[in-house]
Protein chains: 2
Amino acid sequence: MLDPGDAFPEHRDFGDDPWVLRTHGLQAEHAAVDETLFALGNGYLGLRANHGEGLPLGEHGTFLNGLHETWAIRHAEGAYGFAEQGQTIVNAPDGKTIRIFVDDERLTLTTAELHDVTRSLDLRTGVLSRSLVWLTPSGKRVRIDTRRGVSFTHRHLARIELEITVLNADADVSITSLLLNRQDLVRERPEPAPAGLSDPRRAETMPGRVLLPALSEQEGARSILSYSVANSGMTVAAGADHSFACADRWHRNSADITGDRAKHVFHVHATQGRTIRLTKTLAYHSSVHGGPPELIDRCGQSLDLAARLGEDFWAQQESWLAEFWQRSDVRIDAEAGVQQAVRWNLFQLAQASARADGKGIAAKGVTGSGYGGHYFWDTEIYVLPFLSVTNPRWARNALRFRQLMLPAARKRAAMLNEEGALFPWRTINGEEASAYYAAGTAQYHINADITLAIARYVRATGDAEFLREGAADIVIETARLWMSLGFWEHDRHGEERFHIHGVTGPDEYTTVVNDNLFTNVMARFNLRYAHRVLTEMRGDHPIEAARLCERLGIHDTEPGEWLHAAEGMTIPYSAEAGVHPQDAHFLEREVWDLANTPPEQKPLLLHFHPLVIYRFQVLKQADVVLAMFLQGGEFTPEQKRANFEYYDALTTGDSSLSAAVQSAIATEVGYHELGYRYFEQALRVDLDDRHRNTADGVHVASAGGVWLAIVHGFGGLREDGDRLSFDPKLPAHWSSLTYRMSWRGSEVEVRLETGALIISASPESQPVDGSFRCTVRGEEISLAPGSSRIVPLPDQGQTHGVFAGVSAGMLPREGETGFLGPASASIPLVTTTIPVLDPGDRG
Amino acid sequence: MLDPGDAFPEHRDFGDDPWVLRTHGLQAEHAAVDETLFALGNGYLGLRANHGEGLPLGEHGTFLNGLHETWAIRHAEGAYGFAEQGQTIVNAPDGKTIRIFVDDERLTLTTAELHDVTRSLDLRTGVLSRSLVWLTPSGKRVRIDTRRGVSFTHRHLARIELEITVLNADADVSITSLLLNRQDLVRERPEPAPAGLSDPRRAETMPGRVLLPALSEQEGARSILSYSVANSGMTVAAGADHSFACADRWHRNSADITGDRAKHVFHVHATQGRTIRLTKTLAYHSSVHGGPPELIDRCGQSLDLAARLGEDFWAQQESWLAEFWQRSDVRIDAEAGVQQAVRWNLFQLAQASARADGKGIAAKGVTGSGYGGHYFWDTEIYVLPFLSVTNPRWARNALRFRQLMLPAARKRAAMLNEEGALFPWRTINGEEASAYYAAGTAQYHINADITLAIARYVRATGDAEFLREGAADIVIETARLWMSLGFWEHDRHGEERFHIHGVTGPDEYTTVVNDNLFTNVMARFNLRYAHRVLTEMRGDHPIEAARLCERLGIHDTEPGEWLHAAEGMTIPYSAEAGVHPQDAHFLEREVWDLANTPPEQKPLLLHFHPLVIYRFQVLKQADVVLAMFLQGGEFTPEQKRANFEYYDALTTGDSSLSAAVQSAIATEVGYHELGYRYFEQALRVDLDDRHRNTADGVHVASAGGVWLAIVHGFGGLREDGDRLSFDPKLPAHWSSLTYRMSWRGSEVEVRLETGALIISASPESQPVDGSFRCTVRGEEISLAPGSSRIVPLPDQGQTHGVFAGVSAGMLPREGETGFLGPASASIPLVTTTIPVLDPGDRG
């Protein structure tokens, strides 16, 4: 249920530019949160938006996807199979720090007299800029502008530009640029919380040194530091190069370098009004195998490349982002703020996954150290649906990461006495890092989640080759896990039922239960899909199918057993209550009195012992609702509504994964206003710091959920076999919603208006199935490349502004609808039913 | 079920003296286990049986009850309410080490040529002695005898005597006596086990220094070291005093002392055949509040006292033990070995509890660091039944320790959102130290266990004053816990049922379940007892009752609610299966195939992830069987048999607490041979190192279980309100079983023979109820002080040797039956039915 406080929440103001997040003033109280909101990243390298001057500070952060330390978990009481090694993301050497001195006064933002401070993150250019005027104690007015970018095209590179102009006098200006091992130097993190108040969502603090200095190099304006990570043995190198420009005479002090710090100092006696420019290029490389010398070399090459690029760095960023938005933008014609917030969320998805390349997508992307930098099921269930239909290559990369983990997952299955593969609940290096099994290892559903993501990727792209190249191994090995985990029993009517006991569903407020509905529904899907993949491969690629069977030792009877177990799967249902119990015995629990739980006792996980929470019907996120979202075909509309009503009342939303799915299903079952309010909650999880831990990093899965709530919720999109189906419910106060997706070779734009749905297929589409096929409220539609269709939808359940028909006014207006993205990159619309503008006519 | 390997187990041979445990030869392979088996202790101070020479070594150990370090638990993933501080028993400074040099050759037992090595622990004198002859490399034959004792009368004192005689020549003999901080010096403990193989039953190793040297003192032959414990802030002092006697001229080297070591060296040029005698007295004091100077003073006073005692040390020990055996011995006329083993177990109960005084009784007593030195429910359920009827003062002391913990238990209840008191599952200092809640905190039953122990103590002694002095507070606060933990629900017949969800019973292979039968049966008892205690107090002591109600804020309606909840308590029963399910859903689990689990996969807890174990019907110890043992009146004989049959087949016995109770109930329901084999298993848990962790300390609860299996199992004793009832089942190959107990003021001896039960009340009895009352198979018996009764029991279910009647041959023979203990202390038998010997006629 929604918190009463959510009825009319105050939104933080980030300006009204739909492409730019902007703040004014220093806002030191938002320092930690803003470091996250304005963080830059490309999926590999992430820079928190720390001020170069140091303060105000939440937490310094420079993260490289996968760069982690391992440490021995000291269990109070251990047990067989508990994770013995913790894995924690490491703070890479900080290259963001640049200290400014004017007439020997150091600029400290928290104490200086500052004017006209603005900070903005431009989602079209990827540039984080800050400008301010500093009135020094001696009365000098100094204008300082910085720009910062993390390259999407060159994933090891970042660029910082600094401009200083003394406006009202001449002055001595000195700039100190640092490369600093903060992982070990900084001890500014909070002390351990008092008993009972620790927050498990935060990363562990390391007790000793983590980054052991190895080789370093300094030449001219360039420094490179390298390290080995103490226990994990990984290596990392960080390089910085500088170029300085100024009309006045300037000089560079002899730089210095130690294992933990490289320093470059620039001095200039600046003439009034003349601008000083410092450009600092950063390069980061990390490796599991490469030694420090190799990494130093790689950094050097990256810095050389950056030097060749020069200002083109920014142009490449902008062009890369133009293409991203072209594929991925969601345009909403609604009140100010919504569009900006939606784009900020989509931008986070790019920042978390674009260049993750062979790595996973962490819960916080590369924006913070929350959850230790671990990868969870978030990727597969919340992020990949977006990626699979907008940026399928990134989806494929993320799934290939799971393929690489398969040997470790097989080992883990054996350790837990199961066959097949058991993927870790949380991990960086492929090993299970969850030592709290009840809300960790017991979440076996992750295995079906991964298989579902594979299925959706393959369905969306038609890339069946991906299955043959190894993804089928995951599908089959996870099916085998379910077969060995579950067991057969005769029910009271003598019928054989397949049970899965002792597992935890996504709702972490109810753990280690029997026949968790979500798990069983997903396992059923997994089993059926494994059967289908093998059957189809046998039909289409018999030799590769035979090789697969040989490789995995698949017995002749196995596929039949998978199907049999899927059909016999226990799906708890209570005819008496008229709902699907979350697990076999869920309804026997006491009901938590959520309405009378005071806000200061939320989230429950920070105020109640797990044993207390587990004893009640109370949810962190609604399992059954999520099952209805992912496997809607398993439920009737009446069941969906009854289940939603039952579980929504029990759902705290203490999980940031909750709101988006509640929104989509609330919308589906007819609670449009509630659906919208849940959507707003998801939309602003980070922008309004609703879970009070945005400082630890972006809630990437929630950002993915925002897209799901819009496209699947309001857009009413469902995947129905190889076809898409639409049953839209445009929010009453939105005039239109437009998004784009790639589906089985067709590039499709979907525009939803108050009275109609307009679907267009780009002329460049290469549909796998000959045409783009979908249904709108059951009506079948087939679109050839270059065609579009308007489907009147007079009633989308709005409480006002119901549109009764289609008119010319509904047609795309130039520059507003049509294919999205910068006008120059837009793709012309061609419809089969109504004339559209000629491509040449469009801007 | 019994392991197949238990059918004809090999017993280790400790000689055939029923009072002495003896080994021959060095037996280095048994070093670690023998340090435990031959350990000395008095419930406060414990010395493992380390050889003074150092090797062979399992683990050095000197333990003071309650002396512990605390440390921050580093949770891999923490949560609200998880224990944040670990507590671990500390190894006190070692005073056992005495190094012997002959002609500058150091005696190292593992490499020296030794002859006639014997070691023996005399259970009548409490003396651990060792004698050997060492043939030095230069051909000298040196006889070395040591004796060691830990005083029962003076709990801070221990005494070591060493005699050295060079048999075949003169020789230079040098003796170095040490006081050594091994806690921090010794790093000989095993490395952490490889992943998945750690043993949660072992204590944590501390990472840094634990004992921080404070003041020390050395004068003459006396040294005292003192320490503060780094994190817990406790203090400890250890003192050693020496006296040396030798006919030859000898001298003492200048002693030396550092923070971690005090050394005294004695030199003598020994003449052939003349014996050198060194006596070393040890004194230990520890404190939560006292500073090092005070502790050094106390040690000095203890050493002064020891000096005054001199050789009387031994006489006092012997006399103290004579009284203990007089009250506590169990005499069995059976095959050799059984009597010795039984006495060894009873001796362990004395060593663990006699002088625990205000402290608890740890799982390992003071013999090892297993389970971190923590106190569990073991005390109340396995040890107090014995103590309450043999050494009731010790039982009272142990229960008073719980009283002292009540404030912490109230705090813990509040933290877990319950009312009343919630005692910690494991603790030293009163705080919950269990961070693994599933098999820890969730064992709420400990609260009812404590109340049961109070009830049994009060019943056995008639000491109702104990309730009024504060024990009633525990009884009522635990009842309140159950009231707030449980909840009411209407069952399908519309009847109100009281449920308790989300708890773990004693069986740790099934955790966090609903309506655990054991818990509910015990909670029912707790609620009823609270009602009764308050009702009786209101009748007998209305003012004190009013004060109690005032103190605890007891509402008028509360006692009625306790009774109501007790009556409405859900007791799971399956008419279909004809058994009581261990919990509401136990029978839905898969059945573990125990018969086909290979021995190398046992105990399961070391070879399977908890999640795997929890998924099955498989038990560490049988909950339901224990409930039938403790609350037999709640079950019919048929139910008992059916339950036993069902659960015995599922019981691994991986818990050392299991065998004794299986024995008693197997015997009760008619499986006499099985009952006997379980008894043997319990009897020899440590003596045969059956759980392969005797090296970590004595299984004290199992020792208590041995007494239970004999007296309650074979003896068929049950408590039936204020009366005892007997339905004996003497094992077929035992001729007789004789034990003694104190019951409501009567000192009673019970002698069970093949054909009769003979009960005698000592003339010194002061029966609370006017006479000793009991029933034998339903027949009521009342014995005035000084009277006895023979009850013919022709059929005790033996498979042979059934005795058909009573004859003179059945009467006690002098020195064999009658009251136990040394002849000089025996109490004359007087019976009401047959003439007995005049007291004067008996030895």
Side-chain angles (χ1 to χ4, degrees), chain A residues 71-86 192-200 204 207 415-418 426 433-442 485 487 489 499 501-503 511-512 514 584-585 588-590 604-616, chain B residues 71-86 192-200 204 207 415-418 426 433-442 485 487 489 499 501-503 511-512 514 584-585 588-590 604-616:
Chain A
W71 46 279
I73 296 173
R74 195 172 180 205
H75 292 286
E77 288 139 273
Y80 176 90
F82 279 15
E84 300 283 334
Q85 272 213 334
L197 291 172
S198 69
D199 186 342
E204 271 291 327
M415 186 154 210
L416 267 86
N417 297 80
E418 307 299 348
R426 56 190 298 170
S434 167
Y436 181 50
Y437 68 81
T441 297
L485 180 62
F487 67 102
E489 200 177 45
H499 295 277
H501 278 192
V503 303
T511 67
V512 193
N514 296 345
H585 307 298
E588 296 168 19
R589 294 167 196 257
E590 267 190 288
L604 302 189
L605 69 96
L606 295 189
H607 300 91
F608 296 91
H609 193 287
L611 268 176
V612 176
I613 298 173
Y614 297 170
R615 219 169 263 138
F616 288 86
Chain B
W71 46 279
I73 295 172
R74 194 172 181 202
H75 292 286
E77 287 139 274
Y80 177 89
F82 279 13
E84 300 283 334
Q85 272 213 333
L197 292 171
S198 69
D199 185 344
E204 271 291 326
M415 185 155 212
L416 268 87
N417 296 79
E418 307 299 347
R426 56 190 301 170
S434 167
Y436 181 51
Y437 68 80
T441 297
L485 180 62
F487 67 102
E489 201 177 44
H499 295 276
H501 278 191
V503 303
T511 66
V512 193
N514 295 345
H585 307 297
E588 295 168 18
R589 292 165 197 258
E590 269 190 287
L604 302 188
L605 69 97
L606 295 188
H607 299 92
F608 295 91
H609 192 287
L611 268 177
V612 176
I613 297 173
Y614 296 171
R615 219 169 263 137
F616 288 86

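What you are looking at is a predicted structure, and each value in this text was computed from that prediction instead of being measured. Note on naming: letters A, B, ... go to the chains in the order of the sequence lines (proteins, then strands), and numbering restarts at 1 for each one. Reckoned from all heavy atoms, side chains included, excluding hydrogens, waters and symmetry mates.
Heavy-atom distances place the side chain of A438(B), and not its backbone, under 4.5 Å from chain A. In this structure, chain A has heavy atoms under 4.5 Å from both the backbone and the side chain of E590(B). Contacts of F608(A) with chain B are made by both backbone and side-chain atoms, with heavy-atom separations under 4.5 Å.
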Intermediate values then yes/no, side chain to side chain contact (heavy atoms under 4.5 Å, CB included), V512(A) and V503(A): CA-CA 5 Å; V512(A) 193; V503(A) 303; over 6 Å; no
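Taking the six-membered ring where the residue is Trp, Y437(B) and F82(B) present tilted rings, their angle falling between 30° and 60°.
Contact count against chain B (heavy-atom pairs under 4.5 Å) is highest for S434(A) among A442(A), S434(A), A83(A), G86(A).
R615(B) has a carboxylate O that lies under 4.0 Å from a charged side-chain N of E418(A), or vice versa, which qualifies the two as a salt bridge.
A donor-acceptor contact closer than 3.5 angstrom is absent between the side chains of H499(A) and E588(B).
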